[in-house]
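This report refers to the structure that appears directly beneath it.
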Amino acid sequence: MSVRVNPNIVPDLVAGIAQTQQQLNQADQQIASGRSINQPSDSPAGTAALILNHAAQGQADTLRVSVSNLQDRLQTADSALSSAVTAINQAISLGVEAGNSSLSDTDRQDIANQLTGIRQQLVSIANTSYSGTYLFAGSLVETEPFTLDPSSPAGATYNGNASTVTAEINSGDSVATNVPGDQLFLNPSGSLLGSIQQLITAIQSNSGIAAASTALGTAATVFNGQRVSYGSALTQLQSTGNLLNTEQTQLATQENNIDAADLAKATSDFSQASIAYQSLIGAESRILNLPNLLTFLE
Amino acid sequence: MSLGSSLLISVQAMLTDQAALSVTSNNIANVNTPGYTREVANLEEVSPAQFGNLEFGGGVQLADIESVRDNILQMRLNQETQSQGKLSTFTNGMNQIQTVFNEASGAGLQSLLSNFFNSFQSVASDPTNTGDRQAVVGAAKSLAAGFQQTATTLAQQQQTADQGVVQTVQQINQLTARIANLNGEIATTAGAGLNTNSFEDQRAQLITQLSGLIDVQTIAANGNTVTLTAGNGTELVVGNQSFNLQAGVNPATSFQDVYARGTDITPSIQGGTLAGDIQLRDQEIPSLQNSLDTLAYNVENAVNSQNAAGFDLNGNAGGNIFQPPSSVASAALNMTAAITDPNLIAASGDGTAGDNTNATAVADLQNQSIVNGQSPISYYADLVSTIGNDAQTASSQLTGGALLIQQLNDQINSFSGVSLNEEGANLILYQNAYTAASRVANVVDTLYQTAIAMVPAS
């Protein structure tokens, strides 16, 4: 006796069509979204990697914005200090000029007045603010750091603090975002404001001008030494910014490797499933229309 | 041997062929009836009659009408249907849960977690910037809302599974009542010596349906009836009696447990939709909720502690960013941002406005092992990966099971299904036999006429 075959193959054909339709849908979803992972079950490990990748990208983006904001802030500080250098050089020249013994008292007073103006300019520079906060006040950024005070030896008093604030700009990498104002303008190794005050007094009394000029030169050297911090911080920010850009590109590439759909494969899957679908439909309609023995009975 | 007995044999043959044709006709009529098992008319010789030394055949008669059924295959189908019912319900539930954690499409908690910590990073780069501080308040609110929404969706899925348990219990009770009823019909019909095939077909189909809902054992019992028991051996159907399952609230969980004749059988239910819903409700979702709560609880506490270690813009010690969670349980569902005033973010480590050390410390929490030895993001990534794995495993088992069920159905059909070609052949066979038998009757009639004509008319 021959083996009896399943006389009702319709459920199998329908299941086959459903399976092919599912393959079509899957390929279609990949092509439409451009992604191979459309839900966690598509690739649990891939999804976990995506989450870490997205978090790393988010952090890199934020750090990149922080670096850019810090660059603006430090650039403003550096420019302010650069204009201070111009004023200092002018003061040094005035000191040299005041040392000329042929000058009259009036001439010297004139120079002393110019120096007073420069001192005010320097105090104004030392009080530079950026988006509502003072750049040279240490961490007391809401307090105006310098006020003119003729009674003090330096002619101005410092109201800030000695804090250097550092900002994290990448994992394990941070940068100093300020040099406290007293280190810049009232440095014990050479006080800029103090030496200008000393020079003004020397010129007005016409004694010790040379010594005062020398002291101003020393203070200018100290000031320049302190200012270098901004230059090096800006260089560091630039290189970290570049590093973060590279990192962002790498992370984007990594994301693409994790979940980008292989479009060539998805398209080929789609056309294969499409052919299978059409063949199945064709086969089913033919099979269902096949005559059986009863067709021939009269 | 008389002419009469030949006539009787041919008439008997015609009746038998007629019965066989009726079986064929019934098979053809039921060619598309779900659960129908083809029937075969079993013919047998009538015992021979003895005349002296000679034996004469007694013709043909219908021995019985047999349903061509393979109980072993049916049993395997039922077993497979049980695990398939469970997997199908579980997979559907997991697919819905997955959409809440669909990180690939950008939905999910990762971006909210990252935004929150990164907002502190921005404050660290400019501690007095009100816009950046306001962003922290917004990010804290969004993060709390995200956790709440995720926890709510999980709780809703759990409720759906719980309602599923109640509905399934009702369906089971309806089915067991109908099966018990059929058992009764079968016993009565069989007792009267009648054919029970169609009742058995209906019963087999109902048992398969029942297997999709709960794991049942089928035990053959007296009078062609079956006894059905649940996983732990509690009887669901005995003879013509069915025992209803009851859904009742378990005070400890406030979810519906399943009781059979007073006993809580919930833990012993291993198959069918019921098991799928119970697994989702009592194992999968609670485990995910616990992970989510652990994440929320640890993030809230770590952020609050770190913020408290710093100073706000007014120079005061920092307060809470989130309402402190009372316990791990429901921490995600109850997560609420406590901070509304951006000035109260404790960015400073020393009380001065420009200091950022504490904001940096909060931002750095995202990379620190503050959640069961893992960073918040990698803990969350593991959670989503677990969901993906569970959904993937269930889904591939479901696909494999569907193939197995298809094969079993093919096997059952190849054994029990109606073939129109086969029935066509039988139709010709019985039609010819019927025609032949009627011819024999005709010939006997002619012989009678001949014999009668031999007698002269009086």
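Letters A, B, ... are given to chains in the order of the sequence lines, protein chains preceding strands, and every chain is numbered from 1.
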*asked:* One pair to check against side-chain hydrogen bond (donor to acceptor under 3.5 Å, both in side chains): B:Thr99 and A:Gln39. What are the steps and the verdict?
replied: CA-CA 7 Å; B:Thr99 57; A:Gln39 50 191 358; over 6 Å; no
*Output, in order, the C-alpha distance, side-chain angles, deciding distance and verdict of side-chain hydrogen bond (donor to acceptor under 3.5 Å, both in side chains) for B:Asn421 and A:Asn292.*
CA-CA 6 Å; B:Asn421 285 325; A:Asn292 56 51; 5.3 Å; no
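Side-chain atoms of A:Ser41 and B:Gln98 form a donor-acceptor pair, as typed in the model, at a separation below 3.5 Å. For the residue pair B:Gln406 / A:Asp12, a side-chain donor-acceptor distance below 3.5 Å is found, with atom types taken as modelled. No side-chain donor from either of B:Asn413 and A:Asn8 sits under 3.5 Å from a side-chain acceptor of the other.
In this structure, the side chain of B:Asn102 engages the main chain of A:Asn38 through a donor-acceptor pair within 3.5 Å.
Across B:Ser122 and A:Ser66, no two heavy atoms sit closer than the pair CA-OG, 4.4 Å. Closest approach of B:Ile377 and A:Ala55 over heavy atoms only: CG2-CB, 3.6 Å.
Comparing A:Glu142, A:Gln19, A:Arg35 by how many heavy-atom pairs each has under 4.5 Å with chain B, the most go to A:Arg35. Ranking A:Ser43, A:Pro44, A:Gly132 against chain B, the residue ahead of the rest is A:Pro44, based on heavy-atom pairs under 4.5 Å. Contact tally against chain B (heavy-atom pairs below 4.5 Å) for A:Val5, A:Leu50, A:Ile169, A:Val65: the top residue is A:Val5. Ranking A:Thr164, A:Asp259, A:Thr166 against chain B, the residue ahead of the rest is A:Thr166, based on heavy-atom pairs under 4.5 Å. Chain B forms more heavy-atom pairs under 4.5 Å with one residue of A:Arg73, A:His54, A:Gln59 than with any other, namely A:Gln59. Across A:Asp42, A:Val141, A:Thr62, the residue that shares the most heavy-atom pairs under 4.5 angstrom with chain B is A:Thr62.
If you measure heavy-atom distances from A:Ala15 to chain B, the contacts under 4.5 Å come from the side chain alone.
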